[in-house]
Amino acid sequence: MPSTRKPVIGVISCTRTVEGEDAYIVKTRYVDALAKHADAVPLICPAITTRDDADAMLARLDAILLTGSNSNIEPHHYGAASGRAPYDPGRDTMSALLIKAAVAAGKPVFGICRGLQEINVALGGTLVDQRDGAEPPELTHHAPDDASLEQMFGHSHPIDVVADTPLAAITGEPTLTINSVHFQAIGALGAGLVVNARAEDGVVEAVSSVEGSTKILAVQWHPEWQPETRLHDLAFWQALGEIARDATAR
């Protein structure tokens with residue numbers, strides 16, 4: 001019988017300075033979407049620097065969500081010689097530890113934008129830079145060259161969903177309109193991952209785990225921005241809640 005307890009989903013944080021003091025920062029859109037649409041209890045994860053810390057954190061959680069960020073993953077994590085700043089070394093360490101601990105514990109792992117990239121790298125995959133040498137550096141691969149950072153989140157383009165994948169089952173649509181905002185994208189796919197969607201230019205826009213393994217679902221776009229108006233974004237959050245609830249029953 002499925003558990004009726006709301007799942008506790010850990011949300012990865014970034015460290016910033018607020019009023020002169022260190023602070024853990026998570027955008028309210030992620031927290032609100034988990035609480036409202038996934039019917040879950042969000043728990044903001046503090047800084048994690050060791051595998052023991054990650055294991056202890058995972059013992060309190062039913063699943064983890066790796067959110068987006070405006071920082072890139074440092075290239076040495078995926079075997080590249082160079083990349084583009086800004087970087088967030090603390091988040092790189094924290095995300096890798098949490099992903100590996102969650103997979104070892106058999107707990108679901110979800111990712112959005114940078115979160116998808118983190119999952120791919122943690123599982124041995126690689127990334128490629130998608131800004132094509134654009135200046136200023138905040139310009140992205142999928143947004144027009146004259147778009148501001150704020151406009152990028154509203155810039156839409158179509159993606160093709162791969163048939164017979166979890167994303168296809170969740171959305172029920174062969175094509176989705178999404179707002180993809182990213183500086184890096186998947187190169188080589190990490191072990192145990194399968195592609196669920198691609199953009200017209202071939203960029204991987206969603207992945208999931210292979211059948212029978214730890215549940216992983218990650219997307220390159222930002223479903224936290226318009227779940228009230230985009231049915232497939234709402235379905236994404238609802239699916240996260242269902243996957244996490246199923247995990248509590250095991």
Side-chain angles (χ1 to χ4, degrees), residues 3 5-19 21-74 77 86-123 182 184 190 207-209 214-220 222-225 227 236-237 239-248 250:
S3 173
R5 176 177 69 83
K6 288 189 177 184
V8 179
I9 299 180
V11 186
I12 199 167
S13 60
C14 298
T15 302
R16 298 288 186 270
T17 300
V18 177
E19 296 179 350
E21 296 187 8
D22 289 342
Y24 297 127
I25 302 297
V26 174
K27 292 181 180 178
T28 56
R29 290 180 189 268
Y30 296 116
V31 175
D32 292 347
L34 283 172
K36 182 178 180 180
H37 303 303
D39 196 26
V41 178
L43 192 156
I44 298 173
C45 298
I48 289 172
T49 58
T50 69
R51 178 57 184 268
D52 286 345
D53 290 342
D55 289 338
M57 189 76 245
L58 261 295
R60 308 174 189 177
L61 304 174
D62 299 305
I64 61 169
L65 172 67
L66 299 124
T67 61
S69 171
N70 64 355
S71 62
N72 287 335
I73 299 173
E74 289 194 88
H77 292 299
Y87 300 126
D88 186 344
R91 167 139 180 180
D92 285 351
T93 298
M94 179 177 179
S95 61
L97 289 168
L98 277 173
I99 293 164
K100 291 172 183 177
V103 169
K107 295 190 176 182
V109 181
F110 309 124
I112 292 173
C113 196
R114 191 191 207 267
L116 174 145
Q117 299 155 15
E118 291 168 337
I119 292 167
N120 192 59
V121 170
L123 298 179
H182 59 90
Q184 292 170 307
V207 299
S208 67
S209 51
T214 299
K215 296 296 183 183
I216 295 173
L217 181 63
V219 297
Q220 185 69 84
H222 287 267
E224 77 279 6
W225 272 73
F236 172 86
W237 292 106
L240 262 57
E242 291 172 4
I243 294 169
R245 275 187 291 279
D246 287 345
T248 68
R250 293 202 303 266

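- The line from CZ of R245 to CD1 of I9 is 8.0 Å long, rounded to the nearest 0.5 Å.
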If you apply the rule side chain to side chain contact (heavy atoms under 4.5 Å, CB included), what do you find for V18 with I25, and how did you get there? CA-CA 9 Å; V18 177; I25 302 297; 4.0 Å; yes
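- Checking side-chain atoms of D92 against main-chain N and O of E74 turns up a donor-acceptor pair under 3.5 Å.
- The shortest non-hydrogen separation linking G111 to L65 is N-CD1, 4.3 Å.
- Distance check: Q184 CD to Q117 CD gives 5.5 Å after rounding to the nearest 0.5 Å.
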Could you go step by step and tell me if I48 and L98 meet the side chain to side chain contact (heavy atoms under 4.5 Å, CB included) rule? CA-CA 8 Å; I48 289 172; L98 277 173; 3.6 Å; yes
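- To the nearest 0.5 Å, atom CD1 of residue I112 and atom NZ of residue K27 are 10.5 Å apart.
- Listed by chain and number, the residues in a salt bridge (charged side-chain N to carboxylate O under 4.0 Å, His left out) with R16 are D88 (sequence neighbours excluded).
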Pairs of donor and acceptor atoms involving the side chains of residues 57-64, under 3.5 Å and at least two apart or interchain, shall be tabulated with distances.
| from | atom 1 | to | atom 2 | distance (Å) |
| --- | --- | --- | --- | --- |
| D62 | OD1 | R5 | NH2 | 3.0 |
| D62 | OD2 | R5 | NH1 | 3.0 |
| D62 | OD2 | R5 | NH2 | 3.2 |
| D62 | OD2 | V8 | N | 2.8 |

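- R51 meets the side-chain hydrogen bond (donor to acceptor under 3.5 Å, both in side chains) test with D55; sequence neighbours excluded.
- Every residue two or more places apart in sequence or in another chain that forms a side-chain hydrogen bond (donor to acceptor under 3.5 Å, both in side chains) with S71 is listed here: S69, R114.
- Rounding to the nearest 0.5 Å gives a distance of 9.5 Å between OG of S95 and NZ of K100.
- Listed by chain and number, the residues in a side-chain hydrogen bond (donor to acceptor under 3.5 Å, both in side chains) with T50 are D53 (sequence neighbours excluded).
- Taking CD1 of I243 as the start and OG of S208 as the end, the distance is 9.0 Å to the nearest 0.5 Å.
- If you take NE2 on H37 and CZ on F236, they are separated by 12.5 Å, rounding to the nearest 0.5 Å.
- Checking side-chain atoms of E118 against main-chain N and O of L66 turns up no donor-acceptor pair under 3.5 Å.
- In plain terms, the two heavy atoms of V219 and L116 that are nearest each other are C-CD1, 3.6 Å.
- For residues 35-50, the salt bridge (charged side-chain N to carboxylate O under 4.0 Å, His left out) pairs, not counting sequence neighbours, are K6-D39, K36-E228.
- Y30 places a side-chain N or O within 3.5 Å of a backbone atom of G68 that can act as its donor or acceptor partner.
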